[in-house]
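Whatever order the structure lists ligands and atoms in, that order sets their numbers, starting from 1. Along the sequence shown, residues carry numbers from 1.
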Amino acid sequence: MKVTEYFARANGKTLISFEVLPPLKGGSMQTIFKTLDPLMEFKPPFIDVTYHREEFVYKKRTSGYYEKIAIRKRPGTVGICAAIMHRYGVDAVPHLICGGFSKEDTENALIDLNFLNINNVLALRGDAAKFEDKFIPHVEGHHYALDLVKHLTDMNQGKYLDTNISNGATTDFCIGIAGYPEKHFEAPSLLADFAHTKAKVAAGANYIVTQMFFNNQKYFDYVDLCRKEGVTVPVVPGLKPITKRYQLNSIPRLFFIDLPDDLVRGIQNAKTDEAVKEVGVEWCIAQSKELKAKGVPCLHYYTMGDADTIKRIVEAVY
Ligand code: FAD
């Protein structure tokens with residue numbers, strides 16, 4: 001079933017969803033099951049699986065020259081989605097990115113997803129490759145998430161890249177996209193960034209999942225902006241608890257978001273690692289409770305493989 005159908009059928013009730021990362025190459029599917037098994041009692045209607053672009057490493061050859069080699073450290077998104085659907089009987093939402101893929105690769109992946117009856121996709125651009133200071137699209141690939149949304153919409157209308165195909169089978173993808181209550185870091189302003197989000201919705205995106213935030217007001221303001229600008233699709237808040245002291249610096253650096261002073265002070269004053277986690281978990285519980293009370297469509301938790309912490313939060317909220 002489509003993610004947006006779950007929202008429509010929930011009749012105002014706030015759903016829960018989780019996001020998992022594919023294990024590092026060499027890891028087993030059991031890692032994913034270990035994260036998800038304890039969380040399935042909360043009956044998430046869908047589970048997101050992230051996609052990780054290739055990284056480049058330099059390998060010294062016997063000639064003395066270095067060769068640039070592409071490796072994918074966390075492959076398997078499509079297979080993991082199929083395994084999740086099979087084991088739990090819930091929908092899986094693969095994230096698809098533009099970076100590192102030709103349009104042909106993307107279309108073939110979408111055809112595979114369609115054959116597997118996976119008809120939800122989160123369409124993203126992806127970040128710059130490591131060692132590149134800005135995002136460089138594949139020479140034959142999509143530049144922006146907007147292009148990927150258009151590609152999905154085309155396939156939903158039976159239009160494929162291969163122009164020899166006429167009356168192609170129509171797919172039925174429900175298209176999610178990313179949204180940034182504190183703006184995407186490359187954008188000159190929140191409104192400039194939002195104009196591109198609006199364009200993705202106009203091109204066929206059905207719902208938005210936000211970047212994590214720690215101040216609910218930023219989410220509420222973002223939803224207000226959407227509605228004011230005529231963007232009426234569901235906006236799902238993305239949530240992650242802080243559990244380690246170093247995240248005070250790494251989260252703002254990696255995700256370009258601000259942390260509220262009360263949260264920062266609480267973590268700075270915590271004497272032990274356990275106390276730090278306690279502050280972060282309690283903060284996330286309070287955020288979740290307020291969002292639920294306001295009737296958000298779904299609370300979307302970035303699990304980062306930490307089932308115990310997420311379970312504790314969800315238990316406190318539901
Ligand atoms: P876009 O919508 O393409 O926007 C990228 C930047 O370009 C923005 O600054 C935007 O304002 C600007 N822009 C957009 N369109 C245009 C245009 N036509 N002209 C000029 N500027 C434009 N990354 C992964 O690699 N794997 C994942 O699984 C993953 N999951 C994510 C899930 C969520 C919920 C979120 C919020 C992010 C996720 N990301 C993931 C990170 C995401 O790929 C990065 O934030 C990336 O830098 C931007 O992706 P986007 O889809 O928002 O890009």
Side-chain angles (χ1 to χ4, degrees), residues 3 17-23 32 46-55 72-78 80-81 92-101 106 109 120-130 132-138 141-152 175-214 218-219 222 225 229 231 233-240 251-257 296-304:
V3 164
S17 60
F18 302 114
E19 182 166 313
V20 292
L21 274 71
I32 300 283
F46 60 92
I47 289 161
D48 278 48
V49 184
T50 58
Y51 209 107
H52 296 261
R53 68 171 299 171
E54 81 284 28
E55 290 182 22
R72 213 172 277 284
K73 289 192 172 167
R74 292 182 187 271
T77 298
V78 173
I80 291 170
C81 284
V93 184
H95 292 190
L96 276 199
I97 57 173
C98 306
F101 292 97
T106 300
N120 293 288
V121 166
L122 197 76
L124 301 148
R125 186 197 69 179
D127 284 319
K130 258 189 191 153
E132 284 177 353
D133 61 358
K134 62 173 189 202
F135 178 82
I136 301 171
H138 185 288
H142 292 308
H143 196 139
Y144 294 109
L146 172 64
D147 307 317
L148 182 50
V149 171
K150 287 180 178 165
H151 195 158
L152 279 149
I175 309 167
I177 53 166
Y180 302 85
E182 299 179 57
K183 100 173 176 66
H184 184 261
F185 72 100
E186 291 168 24
S189 72
L190 182 64
L191 282 182
D193 187 35
F194 186 74
H196 300 304
T197 307
K198 192 172 169 179
K200 289 188 274 189
V201 174
N206 304 107
Y207 71 104
I208 298 170
V209 184
T210 75
Q211 181 59 282
M212 68 182 77
F213 55 88
F214 293 85
K218 306 238 173 167
Y219 168 84
Y222 186 72
L225 174 63
E229 291 287 322
V231 172
V233 297
V235 181
V236 174
L239 294 166
K240 175 183 152 55
I251 287 180
R253 178 164 43 81
L254 295 172
F255 299 102
F256 304 91
I257 56 172
V296 302
C298 181
L299 296 171
H300 182 73
Y301 292 98
Y302 300 111
T303 64
M304 311 301 286

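Salt-bridge annotation for Glu54 and Arg74: absent, with no side-chain N of the basic residue lying under 4.0 Å from a carboxylate O of the acidic one.
The backbone N or O of Ala202 sits nowhere less than 3.5 Å from a side-chain atom of Lys198 that would complete a donor-acceptor pair. A distance-only check finds a donor-acceptor pair linking the side chain of Asn120 to the backbone of Val3 [under 3.5 Å].
Donor-acceptor pairing under 3.5 Å is recorded for the side chains of His300 and Ser17.
Residues Cys98 and His142 share a closest heavy-atom pair of CB-O, 3.3 Å.
Within 4.0 Å of ligand 1, heavy atoms belong to protein residues Thr50, Tyr51, His95, Ile97, Leu122, Leu124, Arg125, Gly126, Asp127, Tyr144, Ala145, Ala178, Tyr180, His184, Glu186, Ala187, Asp193, His196, Lys200, Val209, Thr210, Gln211, Tyr302.
Outside the 6.0 Å centre-distance limit, the rings of Phe255 and Tyr180 are not counted as a close aromatic pair.
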